[in-house]
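Worksheet: one structure, shown below.
Chain identifiers are assigned alphabetically (A, B, ...) following the order of the sequence lines, protein sequences preceding nucleic acid strands; residue numbering begins at 1 within each chain.
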Amino acid sequence: MAEYTTNAAGREVLTEINGEAAVPYKGVGKHRPEGNKAPRPIRTNADYPDSGDKRLPDLKTALKEAGLRDGMTISTHHHFRNGDLVANQIFDAAAELGVKDLRWFPSASFPCHAPLIEHLDSGVIHHIEGSMNGPLGDYASQGKMRGLGVLRSHGGRYQAIQDGEVHIDIAVIAAPTSDPFGNCNGVNGPSVCGGLGFALADSEYAEKVIVVTDNLVPFPCVPWQIQGNNVDYVVEMDKIGEPAKIVSGTTNITKSPDRLLIAELTAEFVRAAGILKEGFSFQAGAGGTALAFAIFLKEMMKESSIRARFVRGGSTRYLVEMLEEGLTDYILDGQTFDLDGVRSMRDNPRHIHTNPFVSYNYHNKGNIASMIDAVVLGATEVDVNFNANVVTHSDGRLLHGIGGWQNCLFSKCTILPIPSFRDRIPVIVDEVTTLCGPGELIDVIVTERGIAINPLRQDLIDATKGSGLPIKTIHELKAEVDRICGGPPAKPRFEDTPIAAIKWVDGTVIDVVKQLATP
Amino acid sequence: MKSHTQAGKKGPDVRSDCWIGLEIADSGGISVDLQSKVASLYGESIRKLIEQELQFFHIEHAKVAIEDSGALPYTIAARLEAAIKRAMPETLTEFLLPVEDGIRTQTERERFRRSRLYLPGNDPKLAINAGIHNPDGVILDLEDSVSPDEKDAARILVRNALRAVDFYGAERMVRINQLPLGLADLEAVVPQAPNVILIPKVESAAQIYDVQRKIDEVKYNAGVSWDIYLMPIIESAMGAMKALEIAQASPEIVALAIGLEDYTADIGAERTLEGKESLWMRGAVLNAARAAGIQPIDTVFSDVGDEDGLRASVEEAKSLGFEGKGCIHPRQIRVVHEAFAPGEAQLEKAKRIVMAFQEAQAQGSAVVSLGSKMIDPPVVKRALHTIALAERAGLLNDNWMEEADNG
């Protein structure tokens, strides 16, 4: 029987996860772990070919050479998003080798990984620790996964590896271009994805590292985003990803008039709050509303001749245009969403390839996330205390990962532009179904029906007074949503069985997701 | 009585609507088969609503199947009522949910009607958030956007929307069908306090008399007294010829609007972007409206992607004397408002005139003068209008006069 304790956010969380003790969330900045980072074994070049050629004929051979056996942890990155062709093959090979009870530790999973349900059912995979988008989240929500899912932010994943909470046995790094030594990058080749930053920790800390590529070039492969000195084996494959699903040819802003209005209000808020000034910085993702926000902001910057010092990607063509038009000095890019982003990262020295260590990792000597003036993020739910949820829907189903979301909350002004309800699903609620981000870090909610500022941010309330913006309290917004939707929604019903734990950026447990009640 | 009927829409692309299949029986009680993406949140409340409504219509035995794509209660109620009335066409009673507080705003004859946003009457998705885009008016359309076999369902949905949806102060307009069908529309919508009725394809004063008589009758029967204004739409050669008599046919008429698709077809011309073919007609309607002392309102600009084209089109309409433009997409609204806003020189002049007028009033003088020039009352009125327009467009705030005084 699972043991629970109440954490600092008032949530009932598990004290043990998959057989290991877990620390309950203590509050923002309260957990101060001591000791050393995870040890990494000493290697010797005597064990590696002097020719630098680490190639093996296929993935199965590489997995065998890497010593694959029952109960191991296999990691992958998600730079190929929904176009990944490698993760499924790893577990197909593992099944052929008769291996069981693996822990899959991806930086995120996508609907293209739905075939892995078969390997979960058959016992090849024991459980997944990583963001679960779509079918796998749904699978877990039904209580079908044997182990407990563990969801971490991008920074939290780096932290977990670095702090020794997760030891990776075998990392498989799909690389759009590699040399036989294992130096690799994501900016060249038929399956370009931009950077490979999500695989950095894996390459540094995994026991064995396999690079898989469909574009082998003679040494040296430059830039070497991942260093061959960390790589054990290199495997060539016909095709490692579906290019059209890895990066879109073009990323599109939303066409929805309601979302455009939200994006426009968000940009107007940033201006009214005095954030938009020479040398400022911001981060906006690749969602339709975030892109539209960036475009409205860009127009304002041009109007007022304001230049940003840096913007944080996920880069898209819209950020690239800002860079090329001189509206920002730099793009700091963690993942690249379209071909313009890839081109720019490859060719423009001011488009910087970053990784979760420099951007997000909380157990560092500081990171970039808290230096950003404004960040624009999404959420599935926000409650009247500004707590937000990004992983479950209001019906309780686990459908999304955390991504860099938690890490970004440390920005100087965190803004969630969200509709106040989606169809009849209220987004502003009494209490979030799953707590992913504490309200004290969430400053502003921008909806189509008004803007709510966190009462903790009196400075923002004062700055935007008299701005003409439709500023309301979050309680007013909630009352309006309830009136439209026909009263507050019923709470989703759950079984007692936990199906996933949500980690905070410091590795503590902020919440637990439970199995959906059978209707 | 038909035993199987249905109403509403279903499918992967449907949002904020629902489909209801109804099978009325002689025995077996009520059974509700609900499939909904919000089942866990509002399943109970949906079932309750269905049962309450069936009871209201005295249906004791029926199978109800619902495929819900996030419909709000007023939509679910409307779809079920449509299915019931398709089964029992003789039913005249209406299942009315309570009117939401504060949504029935009153308007005035002289109010600005720069933008009016067309909303297909049978599509709830677009109506719910229409008001947040701040149009001067929203039009719940029962005419061209509704197919002939959905007129009954649209009428019920629009009626319910007028009781449930907050348009945040936008004037609530309904475009009825051409007569005589439009008269039946009035029976459904007039008791729900719309601000303006748009009457399509008007060609004679007699049609206005019919509409006015029907409105008066429905208001009397329902015991309601609010103002319901009229906006006839001129869309034919004959309508253009009779524009003045139409404009003067009822004291409730506040504006004359134009529809060019039908007009150009009627005169045997192609509709062009330049619009030379309709210039005479627009001038004729505008002139009739001005002669009758009401607002001339221009047609819609139909290329929603062309913001610059829209701006140019509004500027042209404004230069001709029009005061409003139809919108078919929310993103057009702001552009229309910006283009109708007074220019800087016009605004400065208006400010000087209004301040001179205030000064004259304060001194009890009937003569307004600016420097050595006497200002005629119509010019003062025009200047007041310009100031109001500028305030509405956000170019001036309420205390602009004090700010002007303070230099």
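Here A:P489 is the residue among A:P492, A:P470, A:P489 with the most heavy-atom pairs under 4.5 Å with chain B. With respect to chain A, the highest number of heavy-atom pairs below 4.5 Å among B:S45, B:G394, B:A71 belongs to B:A71. For chain B, the option among A:P426, A:G468, A:G450 with the highest count of heavy-atom pairs below 4.5 Å is A:P426. Ranking A:P419, A:S394, A:G486, A:C485 against chain B, the residue ahead of the rest is A:C485, based on heavy-atom pairs under 4.5 Å. No other option in A:R483, A:R449, A:E448 has as many heavy-atom pairs under 4.5 Å with chain B as A:R449.
For a residue to count as touching a neighbouring chain, one of its non-hydrogen atoms must lie under 4.5 Å from one of that chain's; by this rule B:D166 touches chain A with the side chain only. For a residue to count as touching a neighbouring chain, one of its non-hydrogen atoms must lie under 4.5 Å from one of that chain's; by this rule B:Y168 touches chain A with the side chain only. Heavy-atom distances place both the backbone and the side chain of B:I128 under 4.5 Å from chain A. For a residue to count as touching a neighbouring chain, one of its non-hydrogen atoms must lie under 4.5 Å from one of that chain's; by this rule B:I46 touches chain A with the side chain only. Contacts of B:I76 with chain A are made by side-chain atoms alone, with heavy-atom separations under 4.5 Å and no backbone atom involved. Residue contact with chain B, scored on non-hydrogen atoms closer than 4.5 Å, involves the backbone and the side chain of A:I484 alike. For chain A, the nearby part of B:S69 is the backbone; its heavy atoms alone come within less than 4.5 Å.
Side-chain contact between A:N389 and A:L435: absent, with no pair of heavy atoms (C-beta onward) separated by less than 4.5 Å.
Side-chain N/O atoms of A:T380 and A:H400 include no donor and acceptor closer than 3.5 Å. Counted by atom type alone, B:Q192 and B:R104 present one or more donor-acceptor pairs between their side chains at under 3.5 Å. Between the side chains of B:S16 and A:D423, at least one donor N or O lies within less than 3.5 Å of an accepting N or O.
When atom types are taken as modelled, the side chain of B:R111 and the backbone of B:D136 share a donor-acceptor pair closer than 3.5 angstrom.
The nearest pair of heavy atoms linking B:A164 to B:E100 is O-CG, 3.4 Å.
Taking the centre and axis of the six-membered ring of B:Y42, the NZ or CZ atom of A:R424 falls inside the cone set by 45° and 6.0 Å.
Classification of B:K37 and A:D395 as a salt-bridged pair fails, no side-chain N sitting under 4.0 Å from a carboxylate O.
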